Amino acid sequence: MSIITVKNLRKSFGTVEVLKDINAEIKEKEVICVIGPSGSGKSTFLRCLNLLEEVTGGEVVINGHDITDPKAKININKVRQEVGMVFQHFNLFPHKTVLENITLGPIKIRATDKAEAGRLALELLDKVGLREKANSYPGELSGGQKQRVAIARALAMNPKIMLFDEPTSALDPEMVGDVLEVMKQLAKEGMTMVVVTHEMGFAREVGDRVIFMDGGYIVEENEPNELFGNPQHVRTKAFLSKVL
Amino acid sequence: MDIIVAALPILLKGLQVTLYIFVIAIILGFLIGLVVALLRLAPIKILNWIAKVYVDAIRGTPFIVQLFFIYFGVNSLNLISLNSTTAGIITVAINAGAYFAEIIRAGIQSIDKGQTEAARSIGFTGTQTMRYVVLPQAFRRMLPTITNQSIISLKDTSLLSVIGIADLTQQGQIQASATFEAFKIWLVVGVIYFIIIYLLTLIANFIERRVQVR
Ligand SMILES: Nc1ncnc2c1ncn2[C@@H]1O[C@H](COP(=O)(O)OP(=O)(O)O)[C@@H](O)[C@H]1O
Ligand SMILES: [Mg+2]
């Protein structure tokens, strides 16, 4: 049973078609890595999965809800609570402390009481190794710390799916490892994850499947060892020869 | 000196009227500004248009014309009867409201789109996102401009003396002609305005420091 089903997904910005007939099935607990050249539509694909982008055509079914069917009257805010997202540039709330960043959603959306939300937030901070930063402001953290807080913030809503859009691309190299480590742990615990990444090592080690996108299409998808070791398509070969 | 001492209680009475009108008008103006800014940014064309017409109309006309329009113009229709204080408050409020609307709109637009996206991705509605994420950040950023506009509005209240409101300026006028000491009286009136505006600036700076984003 797929937790994410994408059928004939199309997305245009004005007259420019950025996603052309995307099809994908993602099962519960799977870790899917999405790779491909810049501008190939990876972020747009990911953002269609929680409707941060309005789709132009096709279907996106999340956990049984067809979020692209206007007749289904889906409450997208409800669906988004089950789909966490982590951004390249963290997007932490700078006017809130680390703890408040994490508790804001549970308190305001789920009406969790403040003490309980705080307790859960500290647990999550333990998990990402940042408990001592609970009362700091985002501006006082390094990039790697910010991204780990962002992961904790997303996890606070107890999502079934986590989307990552190049979570380590904006980080100094020495910060990348800590963030990937948190993501690996999450994968181990059975989180369903879709990760747009340039970290081929991570994709190979943690990914159950790797999707290669180019020019708005999914060109090739396979298990990491197959895709990296024995790419079928010329464009996949060309891309991998540049990044590996 | 004794002229000033004699005039001071009367001038301070005028100051009370000035502050009373200012405080009510600036709060109303701010609320108007907030609503109009949100209309201006709403995804509904007709609402954007209404908001824009209001802002342009106010920005494109002198304050004194707005005041006469409300006090003499609207009253002449005999539909409602506004006393001078009410007309004064309304005029200052709708005047400041238009400028506040532009300040708030620019403030909201200056907040990175990533903030909204992060909030929406957690599951916040559009309204919650505005309330908990965008507006608190926008207000911090807008505070200096809001202070500026408030000072302008405070000074605008001195024009209300022309419709007979007994504000600080009006009392100054009365005292100046009664005492034939225009120089001293207007100097004192100026100093009083200056002190009030200076205090306003201090309060604003204090708030700004308190809510600074670290
Ligand atoms: N909001 C937007 N408006 C117009 N074009 C966009 C927008 N977002 C992305 N694009 C375009 O869509 C294409 C795919 O972008 P994106 O999904 O960000 O690619 P990737 O993440 O693979 O680098 C690019 O050509 C980009 O310029
Ligand atoms: Mg991208």
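Letters A, B, ... mirror the listed sequences (proteins, then strands); counts begin at 1. If you're wondering where the values come from, they're calculated on a predicted model, not measured in any experiment.
- The environment of A/Glu189 atom CD is dense: over 12 non-hydrogen atoms of other residues, nucleotides or ligands sit within 6.0 angstrom.
- Taking both residues in full, the closest heavy atoms of B/Ala118 and A/Phe87 are given as CA-CE1, 3.6 Å, listed atom of the first, atom of the second, then distance.
- Shown here is A/Phe13, whose CZ atom has more than 12 heavy atoms of other residues, nucleotides or ligands within 6.0 Å.
- Rounding to the nearest 0.5 angstrom, the gap separating the CG atom in A/Asn50 from the CD1 atom in B/Ile122 is 11.5 Å.
- In this structure, NE2 in A/His95 is found 6.0 Å from CZ in B/Arg140, a value given to the nearest 0.5 Å.
- Each of A/Lys108, A/Met157, A/Glu82 has some count of heavy-atom pairs under 4.5 Å with chain B, and the biggest count is that of A/Lys108.
- Residue A/Lys96 touches chain B through its side chain alone, counting heavy-atom pairs closer than 4.5 Å.
- Among A/Val83, A/Ile109, A/Val79, the residue making the largest number of heavy-atom pairs under 4.5 Å with chain B is A/Ile109.
- Within a 6.0 Å radius of CD in A/Glu28, no more than 12 heavy atoms belonging to other residues, nucleotides or ligands are found.
- Open room surrounds OH on B/Tyr20; 12 or fewer heavy atoms of other groups in view lie less than 6.0 Å from it.
- With a 4.5 angstrom heavy-atom cutoff, B/Glu117 touches chain A via backbone and side-chain atoms both.
- Considering all non-hydrogen atoms of both residues, B/Gln137 and A/Pro94 come closest at OE1-CG, 3.1 Å.
- Of the two parts of A/Arg153, only the side chain, counted from C-beta on, holds a non-hydrogen atom closer than 4.5 Å to a non-hydrogen atom of chain B.
- Atom NE2 of residue A/His89 and atom NZ of residue B/Lys113 lie 12.5 Å apart, to the nearest 0.5 angstrom.
- Heavy atoms closer than 4.5 Å to chain B are found in the backbone of A/Leu92, but not in its side chain.
- For A/Leu52, the part sitting under 4.5 Å from any heavy atom of chain B is the side chain, from C-beta outward, and nothing else.
- Contact record, A/Asn77 with B/Phe124: OD1-O, 3.5 Å, taken as the closest heavy-atom pair.
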